[in-house]
Amino acid sequence: MKRIAVLFSGEGGNLQNLIETVHGNTCHIVCALTDNPNANGIIKAKHAGIDVRVLEYRHFKTREAFDQHLVAILQSYCIDLCVMAGFMRIVTPVFTSQLKAINIHPSLLPRFKGAHAIERSFYSADPQAGATVHHVTEELDGGAVILQQAFWRDTDESFQSFHKKIRAIEYEILPKAIIGLLNDLK
Ligand code: GRF
């Protein structure tokens, strides 16, 4: 069975969704790695019996040194794919030249790259919103799009309901993208 690592920084909602959708059938999540020792996702991964690794940026002098350590940990798990799901760090060529990685982003890229994408797309006049799975490159949220799903916005929609729709799309397209990519590796 194919092996993946999931990288996260906070709640771990996408991680939990991957545990429920692909873990143990399409692939094994062999490692859940976070840069945040207080991330709620840690509990979710441990509960599912997944190896958790915490790698804090403050222990490193440069982004490259952090990335080299990150790559070494991930390579020690012999992964086929690295999945970033709410991992709040920008990686350098040290990472991208050595590992194949994808990321989930809560907007219709190239719209709203970077932080607070849900808020920025909610307060925009864009008639559509959605989420995107893309390849990870050193350009923030700039790699080639793998999957994207959109919805037409209701003019009187609350932020809460808008947010819920984005998350529902994330939970649909990230497993789909992983399954597709791992199938292509066979
Ligand atoms: C998601 O909306 C993801 O697209 C973004 O950060 C959020 C992470 O949420 N990059 P969670 O930790 O998966 O709950």
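Bear in mind that the values here come from a model prediction, so they are computed numbers and not experimental data. Atoms within a ligand are numbered from 1 in the order they appear, just like the ligands themselves.
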Any atoms of ligand 1 less than 4.0 Å from a non-hydrogen atom of Gly12? List them with their elements. 11 (P), 12 (O), 13 (O), 14 (O)

When you measure from the heavy atoms of Pro106 to every atom of ligand 1, does any distance fall below 4.0 Å? yes

Which segment of Arg167 sits under 4.0 Å of ligand 1 when only heavy atoms are counted: side chain

Crowded around His47 NE2? As in, over 12 foreign heavy atoms under 6.0 Å? no

Answer with yes or no whether the side chains of Gln98 and Gln68 bring together a donor and an acceptor at under 3.5 Å. yes

Side-chain donor-acceptor contact under 3.5 Å, Gln148 with Thr132: yes

Among non-hydrogen protein atoms, atom 2 (O) of ligand 1 lies closest to Glu170 OE2, 2.9 Å

Please work out whether the ring planes of Phe66 and Phe87 are parallel, tilted or perpendicular, with thresholds of 30° and 60°. parallel

Side-chain donor-acceptor contact under 3.5 Å, Tyr77 with Arg53: yes

Determine whether the aromatic ring centres of Tyr123 and Phe162 lie less than 6.0 Å apart. no

Polar contacts were defined as any N/O atom of the residue lying under 3.5 Å from an N/O atom of the ligand; does this apply to Gly13 and ligand 1? yes

Closest protein heavy atom (residue, atom, distance) for atom 7 (C) of ligand 1: Gly86 CA, 4.2 Å

Heavy-atom contacts with Glu11 under 4.0 Å: which atoms of ligand 1 show up? List them by number with element. 12 (O), 14 (O)

